[in-house]
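Worth knowing before you read on, the calculation uses all heavy atoms, side chains too, and leaves out hydrogens, waters and symmetry mates. Keep in mind that what you see is a predicted model, and the values were worked out from it rather than measured.
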Amino acid sequence: MSKLLKLQAASRARRVRAKVAGTAERPRLAARVTARHITAQLINDDAGKTLAHATTVKSEAKGTMTEKAAWVGTQIAVQAKKHKIKKVIFDRGSKLYHGRLHALAEAARKEGLEF
């Protein structure tokens, strides 16, 4: 990845993060998509703590990357229920809300998370 592309991605991520912050009542659902793996975290920015996480690294998720994203969305929603979290704020980082991120978000919504 060239230097310009990295700068542009960082700029998009900063623009999103300027508007999104997690609290104890409504944590931030931060999603990260790479070429091989997908990770989601529930983060309380006030306390600086990660409340829950789900990832495809060393997991039993099978199928296409979009199917794996949906699996991660389901897992993070199940963990949110364990922590009695119903509402979150979605942090897409520098990625477009499309494809894998959309699949992750829709699976989390299907399991009961509101955002």
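L104 places a side-chain heavy atom less than 4.5 Å from the side chain of F90. No side-chain heavy atom of I43 sits less than 4.5 Å from a side-chain heavy atom of K49. Using a 4.5 Å heavy-atom threshold, the side chains of S2 and K6 count as separate. The closest side-chain heavy-atom distance from K110 to E106 is not below 4.5 Å. Residues K68 and R100 have side chains not in contact (no heavy-atom distance under 4.5 Å, counting atoms from C-beta outward). Using a 4.5 Å heavy-atom threshold, the side chains of T39 and T56 count as separate. Contact of the D45 side chain with the R28 side chain is registered, since non-hydrogen atoms from C-beta on lie closer than 4.5 Å. Under the 4.5 Å side-chain criterion, counting only non-hydrogen atoms from C-beta, K86 is not in contact with L113.
Between L101 and A31, the shortest heavy-atom contact is CD2-CB, 3.5 Å. Considering all non-hydrogen atoms of both residues, L42 and A80 come closest at CD1-CB, 3.6 Å. The shortest heavy-atom contact between A35 and M65 is O-CE, 3.9 Å. Here the shortest heavy-atom pairing between S94 and A9 reads CB-O, 3.1 Å.
Placement of W71 and V88 within a single hydrophobic cluster is found when ILVMFWY residues are connected by side-chain heavy-atom separations under 4.5 Å, directly or transitively. I85 and I89 end up in different hydrophobic clusters when Ile, Leu, Val, Met, Phe, Trp and Tyr side chains are linked at under 4.5 Å. At a threshold of 4.5 Å between side-chain heavy atoms, the hydrophobic network of Ile, Leu, Val, Met, Phe, Trp and Tyr places L29 and Y97 in one connected group.
Using a distance-only test at 3.5 Å, with no hydrogens or angles considered, no donor-acceptor pair links the side chain of T50 to the main chain of A52. Between the side chain of E67 and the backbone N or O of T64, at least one donor-acceptor pair lies under 3.5 Å. Proximity of a side-chain donor or acceptor of H37 to a complementary backbone N or O of V33 within less than 3.5 Å is not detected. With hydrogens and angles disregarded, a donor-acceptor distance shorter than 3.5 Å links the side chain of R17 to the backbone of V20.
Within 6.0 Å of atom CZ in R26, more than 12 heavy atoms from other residues, nucleotides or ligands are found, so the atom counts as buried in its surroundings.
Figure legend: R109 and F115 shown as a cation-pi pair, the cationic atom lying under 6.0 angstrom from the six-membered ring centre and within 45 degrees of its axis.
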